[in-house]
Each structure stands twice: as structure tokens, then as C-alpha cells.
Amino acid sequence: MKDKAISNLIKKESKRQTETLDLIASENFASHDILEALGSPFTNKYSEGYPGKRYYPGNVYCDMVENLARKRALKLFKLNPKKWSVNVQPLSGSPANLAVYFALLEPGDTLMGLKLSSGGHLTHGHKVSITGKHWKAVQYGVDGEGIVDYKEVKRLAHKHKPKIIISGFSAYPRKIDFKKFKAIADEVGAYHMVDMAHIAGLIAGGVYPTPFPYADVVTTTTHKTLRGPRGAMIFSKKELSEKIDKAVFPGLQGGPHNNTTAGIAVALYEAMQRPFKKYAAQIIKNARALAKELKQFGIQLVSGGTDSHLLLLDVRNLGIDGMEAQNRLEKSGIIANRNTVPGDPSPFKPSGVRLGTPSITSRGMKEREMKILAFFIYQALLGRDIKARVVKLCKQFPAKRFLKS
Ligand code: DSN
């Protein structure tokens, strides 16, 4: 690369990723093949519209890429193409969710989602997001154990009659009862939308319950447990797909990022291969092992454990808050984000840290390493410097093979 400034920063970022442990639950390592697709000449092409119906010429191969991505997406999640459609153009998760609301709601209509402070997402109706400003947002919570309060979901749904009920969360360690959500949505005539961004790879790997039998629309990003490039997809029942497609383009976006679509197609191909199932299962095994070990150090976990790729630590009993925990971990080369725990009064002073295992599982770590990692996390949270040992562990599980040189 002639631009030495950027080339240097890429090298530095690669080194940072290699020499730290990434426990951010929404991050992962995309494969070298995916990086190749992202850096391919597909980045040069405009293709507003959909395959066979583009506004510009020259899209013969873009059409093939997008059709292949769509076909693979339906196949991976075992969906009948006569009943389900998928749009692979959303630029990321937030625009994907926005497109669904834009397609299915009128201005001022009501949507209902989990509170941010209980593990929901900004785009599920938080007041600072357009989704909470443009539409009337009703927010449900979790109970004292950190489990979705389904009674409250039902009560609020009957009271406010939302048009969309959203399930699928960003900081929720347990299994979600999609069937219950669908039953409540049906009772009040609402659509059930599942945002499976965090758990898509686990669902694809068959190690987390699939939401599809109980959903009308399913959105997902492609870069979390699914281990693809940064992008998103919207699955919808056939009768809704025309509205969704129109909301994505021309409603919200211009030309799709064809290089990303190519990367998504590669990620879907990879997720269909046998090793991916093993990978998905190992993510959960690692999360459970990490939870067990951390608990032995007296660390408190929201809901007491996990059924997924993430854990939510409540660090108050260590005499620190989430921000301090995040900083102490980062000093030792462990990258994890501060997070609210249920009941936190403000997202600006959260009491917890969210940990996820997708990225370290991609590096090849297993239960044995979770024992070591739990010790490192505990030491770092106590303010002890264990950076050298973290770097040593990183060297044993190199990330170089994912990174383009
Ligand atoms: N930022 C993502 C996460 O960390 O969960 C969600 O958008």
C-alpha cells in the first residue's frame, strides 16, 4: 500500500487484535476468504435495485452474487423459499431494524421491545433512537432473576396493542421463548419480529432454538456469531417481503455494498460446512465453562449463568462499576465492554461487563483455556497486572491466520 499512514495503522490494528483477547460478545474474526471478497472489485459497482431489476447496467455478476447470498441464507436457516424471502442489502443491523419498522408501521404506531438496560438494543425503541422518537415505543423488562418478564410482555401488549413485538436481544445470556412471544403477538394482532443478530451463528449451528417457526420477520447482522463481514439481512414471510424490499431500497438506502454481499455469501458458505456446527457448540461450551469458573471466584452473573455466547457480570460486589472493570480488563489486554445490568438507573454508569466467547473460540480456545481466562479476568478486575500472561496465551492461539498481511 502506498499510503504509509493507513498501512501502518492496519498493521497496528492487526497486532492489537493478535495480542489481545477479544471478549466483546458482538465481535469475531472474519476469515481470510471473507476479507478477500470485501476487498474485491465488487466494491466499484453501483446496483440500486434488486437482481434483474437494477437502475444501472453492468450488473450481471452482482446479480449472481446477490442471488447466491439469498439462496444460501434461506438454505442455512432451513427456510422454504416459497414461504420466506430474504433481503441481504441492509448496510448493518440498525438500518435493517429501521427498514422493518418503516415497512410495517405508520408514523406514530406502537412497537414494543426490551429495555436497553435489561439487554435490549437502541433500535428496539429506546428514546434516543429514531425508533423511539418516530414511533410510540413501549418497553418491557426482565424479572429479578434477569429473565424476560413474559407476564409483563403480555400485560403491556394487551394494554398498548403494538403492531410489532420485538424479541432477540444484545445482552441477554439465556434462551428466549420465541413461542411465547409469538402467542402474545397473535393475541393482540401484532407482528413478531426477532432480532437474532447476536445468536444467528448459534442458530445456524443448531445449538440455540430457531425463532423462524414463531416469527414474521427476522433481522440479523452477519458479523457476530455468524462470523461474516459487517452487514445485515432481513428474513420475512413472503407476504411481507415486497414491503420490506421497498423499505430497504428505495426507502432508506441507495446502492447495496456488493463487496459486502459477496462477503456475506462466503460467510454463509462457511457456516454450511460441518466444522461450523462444532464451532457454534464450542462457543456455548466455552461460555458455560467461563461462567462456572468465574462464579468460583465469587463473581456474580446476571441470571446465574448462560445458555448462549455471552455472560453478564455484575461487578458491584468487587467495589467497582462497569467502566472501571472495562478499564482494568483493557489494561491487561482483555477487551470487553461495560454494560448495564437489570435495574441500573442510567446507561452512563453501568454496573456490569458483558463477556462473549465467539472470538476466542474462533482462535481455537476450549474449556481448559476458560479456566485460565477466568483467573486472568478475576486478577485484572482486582487491579492486578496480568498483561504478560494474556499476551502469552494469545501467542498460543494466534489470530494471524484471520488477518490479511
Ligand atoms: N453494538 C452491538 C453489540 O455490541 O451488541 C449491537 O449493535
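For ligands, and for the atoms within them, numbers begin at 1 and follow the listed sequence.
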Parallel, tilted or perpendicular: which one describes the rings of F212 and F235, with boundaries at 30° and 60°?
perpendicular
Short N or O contacts of ligand 1 with protein, under 3.5 Å, listed by atom name?
| from | atom 1 | to | atom 2 | distance (Å) |
| --- | --- | --- | --- | --- |
| ligand 1 | 4 (O) | S26 | OG | 2.7 |
| ligand 1 | 4 (O) | R354 | NH2 | 2.7 |
| ligand 1 | 5 (O) | H198 | NE2 | 2.7 |
| ligand 1 | 5 (O) | R354 | NH1 | 2.9 |
| ligand 1 | 7 (O) | H121 | NE2 | 2.8 |

Tell me, please, which residues at least two apart from Y214 pass ring pair (Phe, Tyr, Trp, His ring centres under 6.0 Å).
none
Side chains of residues 105-114: which donor-acceptor pairs under 3.5 Å do they make with residues two or more places apart or in other chains?
| from | atom 1 | to | atom 2 | distance (Å) |
| --- | --- | --- | --- | --- |
| D109 | OD2 | E106 | N | 2.8 |
| D109 | OD2 | K163 | NZ | 2.7 |

Take the angle between the ring planes of F249 and Y50 and call it parallel below 30°, perpendicular above 60°, tilted in between.
perpendicular
What about Y150 and F181, are their ring centers closer than 6.0 Å?
yes
Side-chain donor-acceptor pairs under 3.5 Å in residues 268-277, sequence neighbours left out?
| from | atom 1 | to | atom 2 | distance (Å) |
| --- | --- | --- | --- | --- |
| E270 | OE1 | S31 | OG | 3.4 |
| E270 | OE2 | S31 | OG | 2.6 |
| Q273 | NE2 | Y269 | O | 2.8 |

